[in-house]
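These notes concern the structure reproduced below.
When reading the values below, keep in mind they use all heavy atoms of this one structure, side chains included, and skip hydrogens, waters and symmetry mates. Letters go in sequence order (proteins before strands), and every chain restarts at 1.
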Amino acid sequence: MFDPVRGQPDFPALEASIAAWWREQGTYEKSLTRRRGSERFVFFEGPPTANGMPHPGHCLTRTIKDLYPRYRTMRGQYCERKAGWDTHGLPVEVEVCKELGIHSKSEIEAYGVEPFIHKCQQSVWRYMREWETLTERIGFWIDLSKAYVTYHQSYVESVWWALAELFDKGLLYQGHKIVWWWAQGGTALSSGEVGQGYREVADPSVYVAFPLLDAGGAPTSRSLVAWTTTPWTLPSNQFAAVKADLDYVVLREPGSAGGPEYVVAEPLAASFGEKLKKEFEVVERLPGSALVGRSYLPPFDTFRPAGPPATAPLAAGGADASAWRVVAADFVTTDSGTGIVHIAPAFGEVDYTVLVAEQARFAAGKGPALINAVAPDGTFTDAFGMGSGRFVKDCDRDITRDLRARGLLVHQEQYVHDYPFCWRADSDPLIQYPRQSWFIRTSRFREQMLANNARIDWLPEHIKDGRFGNFLETNVDWALSRERYWGTPLPIWVCEQTGKAEAIRSYADLLAKPGIGGTEVFTKAKAVNPGLSEDLKVHKPYIDAVTYDSPFAPGARMRRVTEVIDCWFDSGAMPFAQWGWPHAGHAEFEAQFPADFISEAIDQTRGWFYSQLAISTLLFGADAEGSRPYPHTFKTCIVLGHMLGEDGQKMSKSKRNYREPAEIFDKYGADALRWFFLAGQAPWTSIRYSERAIKESIPEFLLRLWNVYSFFVIYARIDGFDPGAMLEDPGMLDHADLARGRGWRAVADRSELDRWMLSELNATAAAMTERMDAYDHFGAAQRLSSLVDAVSNWFVRRSRDRFWAAGRADGGVETNQEKLDAYWTLYETLLTIARLAAPFTPFTTEAIWRNLAGAAFGGRALESVHLADYPTGDAALVDHDLVRRMAVVRDVASLGRAARAAEKLRVRQPLQKVEVILADARPDDAAWLEAHADLVCDELNVKQFEVCGEPDRYITRAILPDLKKLGPKLGKDLPKARDALAKADAAALLAALAAHGRAEVPLPGGGVATVEQDDVIVRTTAKPGWAAAESPRAVVVIAKDLTPDLVAEGLVREVVHAIQTERKELDLEFTDRIDLVFATKSAELREALERHRDYVSGETLAASIHFGTPPAAAEPHDIDGHPLAIAVTKAGPAARS
RNA sequence: GCGCGCGUAGCUCAGUUGGUUAGAGCGCCACCCUGAUAAGGUGGAGGUCCCAAGUUCGAAUCUUGGCGCGCGCACCA
């Protein structure tokens, strides 16, 4: 027998008990065991970092990540879910630095790399418990016990293998490049990291004069004007660039002959004058090519000796000034500035290319060396005395002040633009800086990455060619190395003598090297501190101590380079590194690659989505030995929108514009949150996280489902409907299994309502399966929601009489078969809905299942809904005609109510008749509808219902073209045809169509259009004067005239209503009988009550009804203008009707 | 600057290949039910589909150009 159900569920408490039960039962493991050997559904967990608190956005990803594996498991696939944690990198180091109150690398070195690394390793797990709690609380089924961890030795060794492969193929190289440099942190960042740190700032924007030199090397009064937003790069100026085929002008203030002259690009001359608020006259006009080769005086003499420009020999013979000379460059534009570009090769990528090109012009070794007045820590070196030892950006003001004092500052303003800051230390601006760095040659694989991408199923689709495709198109080599401490060490050992390098694939490979030494450093540390994790032996500083004999030079040693790698490479290697592949886990890797499904938020386009695709394409792509077919590493990816706070702004802790997930769980429960995410909006829209919206998602689905379930259990217990006693072997509790139940009748034998319910149920299951297979959970959720609405607001509502009828529902001698049918139908419906909804709201559905299947069968049935098969719908049980007709009935009922409301005739007032005119019904629908008159009468409280025989009394018909059909046929004649149809005699036309299936309509401008029956739509409109309501499907007309009999009945129903209210106020049990005393001065009301005495006593369980003088306490009422005093008192013993 | 997405009722959002009366939930107003009851149901009001031009017989939907919001990219010197 079913357990009793609380009418008011406490979802959070319920969920806690379900979660505990899953844990005790090992339900997740059972769901896997059950599917072992089946086709796999491969899911990859993008590793979150556990050293930050989880927030609502993580709840969304975890919900989506849970939904599809659950669904696929129920569909019969085997879906392992291995958790993972991202543990390396800057986020961890920065967190530890904050804790230690330090910032710079020198401070870390002073603290000691070894203890620093220990701190990092501990810090990784700082919020572990919060993450585990969240994961379980939201019902994300994933195996945390076997989680992969990026700092574990086996993981690091897999990454080493990947890097060694790339190194051996020449795809991992060391380059001298201009990189985005985090000076305070002393490391370069990848473009992905840089991109995360852009912020709008106002920088100084300065226009600086570079005086041109005359032939003798002396400054003239004519100056180039260069523009920069980074004044601190001026001391390192090396060239000025112009566009050769662009026109330049020399400007001078009128009447100031001999005064300063400025050279700017002609198209920018006007805006230049406006900025300076000065009128200039053009002294001379010359092409950029005429400027090329001229020498100028740099703004600072940091690196320039006094006197004429120094020259150096050119490769092609002759000599040229080696620096501070005008060069031609194509990248010069007239978008902004002056058309003359200040070139500081140390601090810009294009600037650097200018230097490289110049160096090539000069004789070998004689070309210009890189000028750089800035140290790696971001401070000026002693070469630039004014700023020596100070952070360069802090010197901008002093530099401009100095330029102004020397008359070189032509103009200054503020320039607002986006500038990158360190993504973890957001007050540190990044600078471009020349640096030796390790790169992966990804740009060479652009086409292959695009080919791989083309095969991926992206949701939403536009990601493929939009954001992600664009990102791949503009691919640059991956700046891999980090001059930091806590990360996967770059497994490259270099010969101290020859500089030749080799890559190491595993720790065992390393130990096998000849003359290995230094491993004792870790052993000793471990002896001192036995708790030291073995995994740290592949980390700094221990790994740095390991050296071996060089194969390149006798007697020399091989030492590891100092760098660690970008932690995004770690996560991108996860598809194989999670198994320790290729050193271990062959079977697992082969079975679990590539992923069928992954999902993360949109910020991962250049994070995890990219790192997986890049690594995989390089290692396993078309060019690779043993290449694998695209797509890999994932086939389908749902890209989630970013979550916004309550105010529609970005979520931010400081603004407190969102509720902590824990609060939501405690107040509303995880299923409420999940339903809000899954059914609220398409997953890729940016979701507004709103407590109110979460709360409101409960009644719409969870509570409605629960109420039906609770209704079912209450009456099943009363009527003895106990499937456990009626069905020996529950099987899967499918339709076919239930058919073995005692008293079960074939659907064809059941009432129409039952057949309708099962039709809707099976049609919905089929539609949901189709949606879910297409990864459209939003569409599926909408179907599910309207199914639950159909059960609650039509099936249960229309079946109440059967549930409350006399007789039992246990299949025994006292059984009322109609009632039993209703129970079997609702039981099957609820069981099926529980399964359909299980992936969406796993807790509530489990609670329902455990009672309907679990308690009912005392353990003989499947213990968990998540072990069941997902219902895919049985087409044989779907009666499409019935579904359509029932929709018409519901429409008619709704129109009837609308017509009543318009006439202010409340439903309690019985009416004589309602008539319906169907707009475009199939012929037999009308007959069907008339056969269901009692249903309509009941819903609308009328005596009589019919499909109108003479519709012309009530309505006019208009014939409209079916534009979708006639449009293509008639084209430009369509408006004429529409006019013609509007003017035509509708009745005659309809008759012609009915008779011949087609009709000819003369067009206004001449000509004739042939119209077939299917080309037109008939619209019916109620004529004025009738109480009617219309929809596209039907017009409903109600008889608004009231006879005295009807009025009397209406009065009586008002009285019954008053009595029922009174019963409720007296807190009577619904089986309590009452005694009634009425007193009224209205003869009409008294007569009505007398006449309908039986009805009153039946409805209110009145044992006696008297007229007379009621006790003083009797409630006075006004019944439609008739005074009435009613006394209600409790009568004899209870008895259910 | 370039690119991507979004802009529909007071609020949060749907709207399937262009088609006749643009939908839902919440809120609001009115009503119903009182044997799922601190629930439930029905009806109603409420919309220049951001603006403009274009394509088309027909545009919320397609094109172009604006405006606003969000995000991404980076040769912003």
- Would A:Glu939 and A:Arg890 satisfy salt bridge (Lys or Arg N to Asp or Glu O under 4.0 Å), going step by step from the backbone distance to the final call? CA-CA 9 Å; A:Glu939 282 289 314; A:Arg890 294 183 73 175; over 6 Å; no

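Closest to the A:His462 side chain, of the nucleotides B:G5, B:C32, B:A77, is B:G5. Listed candidates were B:C32, B:A36, B:A77. Nearest to the side chain of A:Val708 is B:A36. The side chain of A:Trp804 sits closest to B:A36 out of B:C31, B:A77, B:A36. When distances run from any side-chain atom of A:Thr685 to the nucleotides B:A77, B:A14, B:A36, the shortest one goes to B:A14. In the set B:A36, B:C32, B:A14, the nucleotide with an atom closest to the side chain of A:Gln681 is B:A14. Here B:A77 is the nucleotide among B:G35, B:G40, B:A77 with the atom lying nearest to any side-chain atom of A:His342. Candidate nucleotides B:A14, B:A77, B:G40 were compared by shortest atom distance to the side chain of A:Thr228, and B:A77 ranks first. Nearest to the side chain of A:Trp227, among B:A77, B:U34, B:G40, sits B:A77.
Base pairing of B:G1 is made with B:C73, judged by Watson-Crick or G-U wobble geometry with both donor-acceptor distances under 3.5 Å. Nucleotide B:U17: unpaired (no Watson-Crick or G-U wobble partner with both distances less than 3.5 Å). Pairing of B:U48, defined by two Watson-Crick or G-U wobble distances under 3.5 Å, is not identified with any nucleotide. Across the strands present, B:C6 finds its partner in B:G68; the criterion is a Watson-Crick or G-U wobble pair with both atom distances under 3.5 angstrom. Pair assignment for B:G43 gives B:C29, based on Watson-Crick or G-U wobble hydrogen-bonding distances that are each under 3.5 Å. With a cut-off of 3.5 Å on both Watson-Crick or G-U wobble distances, the partner of B:U63 is given as B:A53.
Each of A:Ala893 and A:Asn707 lies near RNA chain B, and the nucleotide nearest A:Asn707 is the one positioned closer to the 5' end. The residue among A:Arg467 and A:Leu703 whose nearest nucleotide of RNA chain B lies closer to the 5′ end is A:Leu703.
B:G65 and B:C4 have their P atoms separated by 11 Å, with the value rounded to a whole Å. Here, B:A9 and B:G25 have their C1' atoms 12 Å apart, quoted to the whole Å. Using C1' as the reference atom, B:C11 and B:G27 are 8 Å apart when rounded to the nearest Å. Distance check on atom C1': B:A60 versus B:C50 gives 12 Å, rounded to whole Å. Nucleotides B:A52 and B:A45 place their C1' atoms 32 Å apart, quoted to the nearest Å. Using C1' as the reference atom, B:C26 and B:U37 are 22 Å apart when rounded to the nearest Å. Separating the C1' atom of B:U12 from that of B:U42 is a span of 23 Å, rounded to the nearest Å. When the C1' atom is used for both B:G46 and B:U21, the distance is 16 Å, rounded to whole Å.
Within 4.0 Å of A:Ser894, counting heavy atoms only, lie sugar-phosphate atoms of the nucleic acid but no base atom. Contacts of A:Gly779 with the nucleic acid, taken as non-hydrogen atoms under 4.0 Å apart, are absent. In this structure, A:Ser710 reaches neither bases nor backbone, as no heavy-atom distance under 4.0 Å exists between it and the strands shown. Using a 4.0 Å heavy-atom criterion, one finds that A:Ala898 contacts the sugar-phosphate atoms exclusively. Nucleic acid contact for A:Ser792: base, since at least one base atom lies under 4.0 Å from a heavy atom of the residue. Nucleic acid contact class of A:Ala682 (heavy atoms, under 4.0 Å, all strands): sugar-phosphate only.
Relative ring orientation between A:Phe347 and A:Tyr433 is described as tilted, the plane-to-plane angle lying within the 30° to 60° band. In this structure, A:Phe210 and A:His342 have perpendicular ring planes: the angle between them is above 60°, well past the 30° mark. Between A:Trp458 and A:Phe468, the ring planes lie tilted relative to each other; the angle falls in the 30° to 60° range. Note on ring orientation: taking the six-membered ring where Trp is involved, the planes of A:Tyr610 and A:Trp478 are tilted (angle from 30° to 60°).
Under a 3.5 Å cut-off, the side chain of A:Thr230 and the backbone N or O of A:Trp232 do not form any donor-acceptor pair.
Side-chain atoms of A:Arg797 and base atoms of B:A36 include no donor and acceptor less than 3.5 Å apart. Counting distance only, with no hydrogens placed and no angle test, the side-chain atoms of A:Arg897 and the base atoms of B:C31 include no donor-acceptor pair under 3.5 Å.
The phosphate of B:A36 (OP1 or OP2) has a side-chain N or O of A:Tyr715 nearer than 4.0 angstrom. Between A:Asn470 and B:C4, a side-chain N or O to OP1/OP2 separation shorter than 4.0 Å is absent. Proximity of A:Arg704 to the phosphate of B:A39: no side-chain N or O atom is located under 4.0 Å from OP1 or OP2.
When ring centroids are compared, A:Phe711 and A:Phe803 come within the 6.0 Å threshold.
Rounded to whole angstrom, the span from the CZ atom of A:Arg800 across to the C1' atom of B:U37 amounts to 10 Å. A:Phe701 places its CZ atom 20 Å from the P atom of B:A39, with the value rounded to the nearest Å. Rounded to a whole Å, the CD atom of A:Glu461 is 15 Å from the P atom of B:C4. Atom pair A:Phe795:CZ and B:G40:C1' shows a separation of 17 Å (rounding to whole Å applied). Rounded to whole angstrom, the span from the CD atom of A:Gln432 across to the P atom of B:A77 amounts to 9 Å. Distance A:Leu905 CG to B:G43 C1': 14 Å, rounded to the nearest Å. Going from atom CG of A:Asp789 over to atom P of B:G40 covers 12 Å, rounded to whole Å. One can place CH2 of A:Trp706 at 17 Å from P of B:A39, the figure rounded to the nearest angstrom.
Here the side chains of A:Ile371 and A:Pro235 are not in contact, with every heavy-atom distance at 4.5 Å or above.
Within a 6.0 Å sphere centred on CZ of A:Arg783, heavy atoms belonging to other residues, nucleotides or ligands number 12 at most.
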